[in-house]
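Scroll down for the structure; my scribbles are underneath it.
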Amino acid sequence: MTSPVWVPRKRRGAEFFLTVLAVLIGIAAYASVGLGVEGRIPADTYKLGGALVVLAVATHLIVRRVAPYADPVLLPLVICLNGLGLAMIYRLDLGRQQIDPDRAAFANSQLVWTAVGIVAFAAILIIVRDHRRLQTLTYTFGAAAIALLILPLLPGIGQTINGARIWVVVLGFSFQPGEAAKVCLAIFFAGYLVVKRDALALAGRRVMGIDLPRGRDLGPILACWLVSVGILVLQRDLGSSLLFFGLFVVMLYVATERAGWIVVGGVLFAAGAYFGYAAFGHVRVRFEAWLDPFADPDRNGQVINGLFGLAHGGILGQGLGQGSPQLTPYSFSDFIAASMGEELGLTGLMAILVIYALIVERGLRIALTCRDAFGKLLAAGLAFSFALQVFVVVGGVTRLIPLTGLTTPFMAQGGSSVVMNWAIIGLLLRISDQTRRPAPEVSTFASDEETQVVKIS
């Protein structure tokens, strides 16, 4: 018999405690909105609180049952963001209805989409018992991603909203296929790069201390770049174009550990950005609004209102229900970060960004500890997709970079985004559970403090 080795505890008790705390934060934010706008706690607070409690307990029990060794921090972080997003959307509903009583409310539909997202989350954990099996469907997911990206271009079901053709309407329901394509592409990239990474890691010429890839190996990155440019040209969707190309470049770098791919990707991105600026008016408008929004206040009113809202919030914010974020167009979706900044201030917005950073950190930790190459690449890609999406959204709102039109994960109003982001968390927890689970050839005996594993010789 060999010497004992130690494995991580399940930590489901810690997850439950953090989940309760996250639910309390969401309920407190909802009650604060009612006090700030109407001077009283909303009468239906118990309904929202009950719904959040049921959804949170359901997700915790699902994880406890089918993924007991999964990361204990990811789920509470996501529930906290989702609860804050629901509270802010409800606050914006109240503000918009003060201006126009006939305006549709989004908070209830967002709660429904959250429930649908949790169903998708549960389905991922229950159906995908071993993430490595997804590698056998690499090209199936690649074909599915292409089909999803083409759907908005089909006549009859594709729909153009706010200048971007990224929506599909079927039987009265609208959704963005690009959100599902993001997950399919991450799985496809991970499976493809696991097989091809040895060839792609071969070095070509060395320039300024960086080994550039060989010319014969540029085919995959050029193909992905062309697809991204096609999304920009045909769908007029700058955000998805940037996200898909950035996702591939980062996963390519993680797979090969060659900085030369970052250089090549940066050059191709710069070329694509210049091409988009020179050839398409909607891209040029985004750049002009970024460089000098006050040059045309009528056209750039959204950016200007968002900046004034952030300035009005200051360091500590006006308080939930005390500002005027509803004056900013699309304050419930594209500019929900500005709405948070106005009412919670720089302090609250930084706290939200720290939560996002923790989600990314846990995802990268899962990638680092994963024992198989496919899971490592997939976890890294999914974590980076969160990081890039939040950076692009908040950077656009604060004029660090041009606006792109992406949504803030788990907070912005939008059913497609909420559902697919919950699915991503399900995949990360499945990889985490597989990584931290004791190997099948060992027997375990557990105590309250930790689990001791003894290999059987």
Side-chain angles (χ1 to χ4, degrees), residues 152 160-167 176 178-179 182 224-250 262 265-311 325 328-342 346 349 352-353 356 384-409 411-414 417:
T160 301
I161 299 178
N162 299 324
R165 193 175 180 84
I166 59 177
W167 294 88
Q176 296 183 34
E179 293 290 342
K182 174 177 64 177
C224 186
W225 180 73
L226 290 174
V227 170
S228 299
V229 172
I231 293 172
L232 178 62
V233 174
L234 299 176
Q235 298 185 357
R236 296 175 176 265
D237 187 7
L238 180 60
S240 296
S241 175
L242 172 61
L243 179 61
F244 295 154
F245 183 68
L247 176 63
F248 180 72
V249 172
V250 169
I262 300 293
V267 171
L268 289 174
F269 170 76
Y274 177 78
F275 169 74
Y277 177 82
F280 304 108
H282 66 282
V283 177
R284 191 157 48 249
V285 167
R286 296 284 181 92
F287 272 86
E288 291 172 355
W290 168 50
L291 295 173
D292 188 6
F294 296 97
D296 190 348
D298 293 331
R299 187 177 65 185
N300 304 325
Q302 184 183 30
V303 178
I304 294 173
N305 281 351
L307 292 173
F308 277 128
L310 290 171
T328 302
Y330 300 101
S331 55
F332 51 87
S333 56
D334 294 1
F335 271 69
I336 197 167
S339 302
M340 288 289 186
E342 179 172 354
L346 178 63
L349 186 58
I352 292 172
L353 293 179
Y356 280 117
F384 175 77
S385 69
F386 271 103
L388 180 60
Q389 195 163 340
V390 173
F391 169 77
V392 167
V393 170
V394 179
V397 169
T398 57
R399 277 189 63 211
L400 179 64
I401 59 175
L403 279 173
T404 59
L406 290 175
T407 57
T408 310
M411 293 183 62
Q413 187 272 333
S417 175

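No hydrogens, no waters, no symmetry mates; every other heavy atom, side chains included, goes into these values.
The minimum heavy-atom distance linking A412 with T407 is given by the pair CB-CB, 4.0 Å. Nearest approach of W290 to P402, heavy atoms of both residues: CE3-CG, 3.5 Å. The nearest pair of heavy atoms linking N300 to P293 is ND2-O, 3.1 Å. For the pair V397 and A338, the tightest heavy-atom approach, listed with the atom from each and the gap, is CG1-CB, 3.6 Å.
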Notebook entry, point to check: Step by step, would you call D296 with E288 a side-chain contact (heavy atoms from CB on, under 4.5 Å)?
Noted result: CA-CA 9 Å; D296 190 348; E288 291 172 355; over 6 Å; no

Next item on the list: Give the C-alpha distance, both sets of side-chain angles, the deciding distance and a yes or no for side-chain contact (heavy atoms from CB on, under 4.5 Å) between F269 and V249.
Entry: CA-CA 10 Å; F269 170 76; V249 172; over 6 Å; no

Note to self: Checking T328 against F308 for the side-chain contact (heavy atoms from CB on, under 4.5 Å) test, could you report, in this order, the C-alpha distance in whole Å, the side-chain angles of both residues, the deciding distance, and whether it holds?
What the structure shows: CA-CA 9 Å; T328 302; F308 277 128; over 6 Å; no

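Pairs engaging residues 238-247 under the side chain to side chain donor-acceptor pair (under 3.5 Å) rule: D237-S240 [sequence neighbours left out].
Under the side-chain contact (heavy atoms from CB on, under 4.5 Å) criterion, S333 pairs with Y330, sequence neighbours left out. Applying the side-chain contact (heavy atoms from CB on, under 4.5 Å) criterion to L388, with sequence neighbours excluded, gives L243, F384, V392. With sequence neighbours left out, the salt bridge (charged side-chain N to carboxylate O under 4.0 Å, His left out) criterion links R284 to no other residue. In terms of the side-chain contact (heavy atoms from CB on, under 4.5 Å) criterion, residue partners of V283 (sequence neighbours excluded) are, by chain and number, L232, F280, F287. Every side-chain contact (heavy atoms from CB on, under 4.5 Å) that P297 has, sequence neighbours left out, goes to I304.
Remark: I231 CD1 to F245 CZ distance equals 12.0 Å, nearest 0.5 Å. Here the straight-line distance linking atom OG1 of T408 with atom CZ of F335 works out to 10.0 Å at 0.5 Å rounding. Put simply, CD1 on I352 and CE on M411 are 4.0 Å apart, with the number rounded to the nearest 0.5 Å. Rounded to the nearest 0.5 angstrom, L403 CG and R286 CZ are separated by 6.0 Å. Distance NZ/K182 to CZ/F244: 8.0 Å, rounded to 0.5 Å. Taking CG of L247 as the start and SG of C224 as the end, the distance is 8.0 Å to the nearest 0.5 Å.
Without hydrogens or angle criteria, S339 side chain to S331 main chain gives a donor-acceptor distance under 3.5 Å. Q389 places no side-chain N or O within 3.5 Å of a backbone atom of P409 that could act as its donor or acceptor partner.
For the pairing with R399, the side-chain contact (heavy atoms from CB on, under 4.5 Å) check across L307, L291, L310 returns one residue only, L307.
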